[in-house]
Amino acid sequence: MRRRTVTAGSLEEILRATEPAPTPAAAPAPPTAPSAGPQPRREEHALRTEFEFELPRGYVDEAGTLHRHGSMRLATARDELRPQIDLRVKENPAYLSVVLLSQVITRLGTVTDVHAGVVERMYATDVAFLQDFYRRVNSEGHTRAAVTCPHCEGGFEVDLSGGRLGES
């Protein structure tokens, strides 16, 4: 078996070559005749690909505006591969989470261009929160965490997306 060495340029070529081809527009379905009997109820189970969150401290931009609410999308294989060829990550492997988070955070308050520089300027507690949030939504598919009350030892779930108590 022949081994292939992948470089930054060739990885991009491979990713482009393996992208799914765009599908042509589907022909409209012919109209169906109404049936006499009741239709079975079909529940739509749409895949949730974007998750809202609220940062514990918040990101302060250059103008001094505090941004706490944001959204993160599910990561793709490309999102996880791209940081591996980033020179900043090669120089410092700890930078991987900064690059990865900057790719999947779609909005942070009114900031829609979330790049590595934005993540670099976040407080460490917010970055740790986002790392845990990323892990939860991408491996477990939800934002809930099981916790135990320190006073009564009772167990319950909390939603890490940042909703206030009593809100749904």
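FYI, side chains are in, hydrogens and waters are out, and symmetry mates aren't considered; it's all heavy atoms of this structure. Residue numbers count from 1 along this sequence.
Considering CD of Glu80 and CG of Asn138, their distance stands at 6.5 Å, rounded to 0.5 Å. Ser102 contributes atom OG, which lies 9.0 Å from atom NE2 of His115 (distance to the nearest 0.5 angstrom). To the nearest 0.5 angstrom, Arg136 atom CZ is 12.5 Å from Phe51 atom CZ.
Val127 has its side chain within reach of Met122: a pair of non-hydrogen atoms, C-beta onward, lies under 4.5 Å apart. Counting heavy atoms from C-beta on, the side chains of Phe133 and Leu101 never come closer than 4.5 Å. Side-chain contact between Glu91 and Val89 is absent, with no heavy atoms from C-beta onward closer than 4.5 Å. For the pair Leu130 and Leu55, the minimum side-chain heavy-atom distance is below 4.5 Å. You'll find the side chain of Tyr134 reaches within 4.5 Å of the side chain of Val104, heavy atoms only. Put simply, the side chain of Arg68 does not reach to within 4.5 Å of the side chain of Phe53, judged on heavy atoms. Counting heavy atoms from C-beta outward, Ile105 and Ser71 have side chains that stay 4.5 Å or more apart. Inter-residue side-chain proximity for Leu96 and Gln84 is flagged as met; some heavy-atom pair is nearer than 4.5 Å.
Looking at every heavy atom in both residues, Arg135 comes nearest to Ser139 through O-OG, 2.5 Å. The shortest non-hydrogen separation linking Asp126 to Pro56 is OD1-CD, 2.9 Å. The two residues Val60 and Tyr123 make their nearest non-hydrogen contact at CG2-OH, 4.3 Å.
The backbone N or O of Asp79 sits less than 3.5 Å from a side-chain atom of Gln103, completing a donor-acceptor pair. Listed for the Thr65 side chain is no donor-acceptor partner under 3.5 Å among the backbone atoms of Asp61.
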Worked verdict on His67 versus Leu108 for side-chain contact (heavy atoms from CB on, under 4.5 Å): CA-CA 6 Å; His67 305 277; Leu108 186 56; 4.2 Å; yes
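A salt bridge links Arg107 with Glu52: at least one charged nitrogen is closer than 4.0 Å to a carboxylate oxygen. Between Lys90 and Asp86 there is no salt bridge, since no side-chain nitrogen of the basic residue lies less than 4.0 Å from a carboxylate oxygen of the acidic one.
Side-chain contact, Arg57 with Thr125: a donor N or O sits under 3.5 Å from an acceptor N or O. Of the N and O atoms on the side chains of Glu50 and Thr106, at least one donor lies less than 3.5 Å from an acceptor on the other residue.
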